[in-house]
Amino acid sequence: MNFDKKIDRRGSDSEKHNNLKEKFGSDDIIPMWVADMDFRSCKSVVKALKNRAQEGLYGYVYNDKSIYESIYKWQEKRYGWNVKKGSVFLANGVVSSIAFAIQAFTKEKDEIIIQTPVYHPFARVIKENGRKVSANSLKLTDERYEIDFKDLEKRAQKAKMLILCNPHNPTGRVFSQDELERIGQICIDNDILIISDEIHSDFVFDGKKHIPIASLSKQISKRTITLNAASKSFNVAGLMTSYVICENKKLEAIYKSYLKRFELCDNNIFGTVALRSAYESCEDWLDELVKYLQDNRDFACEFIKDHIPILDVKKPEATYLLWIDFRKLGLSPTKLEKFLVQKAKLGLNNGIIFGKEGKGFARMNLGTQRETVKEALANLKKAIDGFLAK
Ligand SMILES: Cc1ncc(COP(=O)(O)O)c(C=O)c1O
């Protein structure tokens with residue numbers, strides 16, 4: 001796979017590339033916002049999809065056991081988690097699964113903990129479902145973001161659910177076994193349900209290991225619903241397919257009965273084909289990709305350190321997302337976005353959408369060709385040099 005090969009995604013119904021004018025007020029920018037990648041998926045996935053498309057048979061789906069087998073094998077091989085057989089089912093997306101879990105397991109006005117700054121739809125689905133956000137702010141140290149356990153303990157006394165993001169978007173943290181055990185214990189002590197979004201688990205760098213929180217103990221697993229997908233890892237997010245792992249039959253029954261009320265039990269046939277093929281045939285491709293993304297990360301972090309020292313970045317341990325601290329420029333979120341679009345010609349995610357802790361930050365998507373990363377950072381350097389020269 002040549003990850004360096006540039007691909008023009010305009011005209012391919014890509015959210016990241018369409019409507020830039022509407023979103024950023026300009027088409028003349030490098031889009032590095034929505035978290036998908038500018039790479040073609042693994043060849044085996046493309047072939048499997050082509051074969052299925054050519055059959056011309058796209059009726060309702062009933063998955064045979066092989067898809068679950070491939071998920072068990074993946075979890076076992078990549079993360080050492082021996083998932084209990086019969087505890088996986090497919091879904092149409094991680095965020096919608098979070099929303100259903102909120103509905104199925106909490107009541108209006110219940111408090112739900114998230115660890116901010118965090119992937120912005122978490123707060124949105126909590127609020128849109130009439131629940132309250134309880135924000136356990138991560139603490140930024142000189143090295144990285146850390147969990148404020150004292151604050152978490154306090155919040156846990158009142159909350160009903162924790163939505164964990166591990167690996168964490170946008171900070172790139174991979175929580176350690178010790179951190180996850182402490183989170184698990186707090187949730188056990190306070191009878192909190194854990195919804196663990198592990199969608200970025202395949203993008204872990206520097207030989208670090210992702211640990212599914214439910215794999216730590218039976219006690220934790222009993223109160224955890226894990227959400228994952230092949231969608232980020234193999235760049236097939238448009239197929240709207242994810243999966244749920246729930247080793248507690250009681251929780252599974254409650255969750256599924258909620259889905260049934262809305263007839264939400266069907267899967268997308270192409271999503272199923274892509275997931276199976278990715279997990280069965282594309283592990284080498286993924287390993288190559290992770291190396292490429294790690295090099296992108298290293299390049300970007302070094303560049304910022306050497307050439308734009310007024311900015312700060314903590315090297316992400318995972319994800320292809322770079323969380324950049326622009327606070328020394330002293331710009332409000334609106335002015336920062338305007339500066340990035342108009343002066344640096346970049347479409348990034350404004351940090352403020354991830355929570356108040358994101359004020360003065362922006363998230364840059366490095367899931368793209370190295371040349372694009374270089375071009376984007378050169379633009380950024382030029383814009384900031386101009387800003388500082390004023
Ligand atoms: C942490 C996290 N969860 C979930 C999603 C989206 O998942 P889905 O498209 O399956 O809803 C993203 C996408 O950026 C993400 O970063």
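Order of appearance sets the numbers: ligands from 1, and atoms from 1 within every ligand.
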Plane angle bin for [Y] and [X] - parallel if under 30°, tilted between 30 and 60°, otherwise perpendicular:
{"X": "Phe105", "Y": "Tyr255", "answer": "parallel"}
{"X": "Phe203", "Y": "His200", "answer": "tilted"}
{"X": "Trp323", "Y": "Phe361", "answer": "parallel"}
{"X": "Phe234", "Y": "Trp285", "answer": "parallel"}

Practice prompt. Considering only NZ, NE, NH1 and NH2 on the basic side and carboxylate oxygens on the acidic side, decide whether Glu252 and Lys249 come within less than 4.0 Å.
Written response: yes

In chain-and-number order, ligand 1 lies under 4.0 Å from a heavy atom of each of Ala35, Gly93, Val94, Val95, Tyr119, Cys165, Asn169, Asp197, Ile199, His200, Lys232

(message) I'd like to know if the side chain of Tyr72 reaches the main chain of Gly86, judged simply by a donor and an acceptor atom lying under 3.5 Å from each other, with no hydrogens or angles considered.
(response) yes

